[in-house]
Amino acid sequence: MHCGAGPLLDCDEHARMILINCDDLGLAPEVTSATLAALRSGTATSATLIVPATGAAEAAARTRGEAIGVHLTLNSEWESDRWRPLTPAQSLCDSDGSLCRRPQDTCA
């Protein structure tokens, strides 16, 4: 990948870079711990918080100051941990009020 950003990414014009993002931060305590370890060791360069997940609030509190983005979440396919939308968006929900399990069922 050609950097092209110069000082913004702290690389020269001919540098090759790899960006490693840890997805699903907040999904489970183990995911959060592993993500924090990867970010703080420099193995990963960013992470994305899966906001409706049960552990998202704790993960967000533990990652203050880290490079964290938001994981767009429109489905909840897990059997054991069903998530609800953050807004009253009925088109995203199945009959029990949780996010639909399958993408093809969203907005159906």
Side-chain angles (χ1 to χ4, degrees):
M1 176 172 87
H2 184 269
C3 179
L8 181 63
L9 294 177
D10 194 27
C11 63
D12 69 43
E13 181 180 340
H14 303 290
R16 291 180 181 256
M17 299 181 68
I18 185 168
L19 305 176
I20 298 175
N21 181 69
C22 295
D23 195 23
D24 292 349
L25 175 64
L27 181 67
E30 300 83 3
V31 173
T32 298
S33 294
T35 298
L36 286 171
L39 287 168
R40 293 176 179 160
S41 70
T43 302
T45 52
S46 65
T48 47
L49 181 68
I50 191 159
V51 179
T54 306
E58 179 186 347
R62 291 180 61 192
T63 57
R64 299 226 187 265
E66 305 290 347
I68 305 298
V70 177
H71 175 129
L72 178 62
T73 308
L74 300 175
N75 299 100
S76 180
E77 71 272 14
W78 303 102
E79 291 289 333
S80 61
D81 191 12
R82 297 300 311 280
W83 309 323
R84 299 193 178 277
L86 301 178
T87 65
Q90 294 301 317
S91 63
L92 298 177
C93 297
D94 60 15
S95 61
D96 73 358
S98 298
L99 292 170
C100 295
R101 291 185 188 272
R102 304 176 321 155
Q104 57 268 41
D105 294 336
T106 302
C107 298

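These numbers were taken from a predicted model, which means no experiment stands behind them.
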With rounding to the nearest 0.5 angstrom, report the [atom1] to [atom2] distance, [X] to [Y].
{"X": "Thr73", "Y": "Ile50", "atom1": "OG1", "atom2": "CD1", "value": "4.0 Å"}
{"X": "Thr32", "Y": "Leu49", "atom1": "OG1", "atom2": "CG", "value": "8.0 Å"}
{"X": "Ile20", "Y": "Ile18", "atom1": "CD1", "atom2": "CD1", "value": "5.0 Å"}
{"X": "Asn75", "Y": "Ser98", "atom1": "CG", "atom2": "OG", "value": "11.5 Å"}
{"X": "Asp105", "Y": "Leu99", "atom1": "CG", "atom2": "CG", "value": "12.0 Å"}

Between Ala53 and Gly26, which heavy-atom pair has the shortest distance, and what is it? CB-O, 3.5 Å
Cys93 and Pro85: which non-hydrogen atoms are nearest, and at how many Å? SG-CG, 3.4 Å
Are [Y] and [X] linked, directly or through intermediate hydrophobic residues, by side-chain heavy-atom contacts shorter than 4.5 Å (ILVMFWY only)?
{"X": "Leu86", "Y": "Leu72", "result": "no"}
{"X": "Val51", "Y": "Leu25", "result": "yes"}
{"X": "Val31", "Y": "Val70", "result": "no"}

Are the side chain of [X] and the backbone of [Y] linked by a donor-acceptor contact shorter than 3.5 Å?
{"X": "Ser76", "Y": "Trp83", "value": "yes"}
{"X": "Thr106", "Y": "Leu92", "value": "no"}
{"X": "Arg102", "Y": "Glu77", "value": "no"}

Can I get a per-line list of side-chain donor-acceptor pairs under 3.5 Å for residues 55-69, giving both atom names and the distance, sequence neighbours left out?
from	atom 1	to	atom 2	distance (Å)
Thr63	OG1	Ala59	O	2.9
Thr63	OG1	Ala60	O	3.2
Glu66	OE2	Arg40	NE	2.8

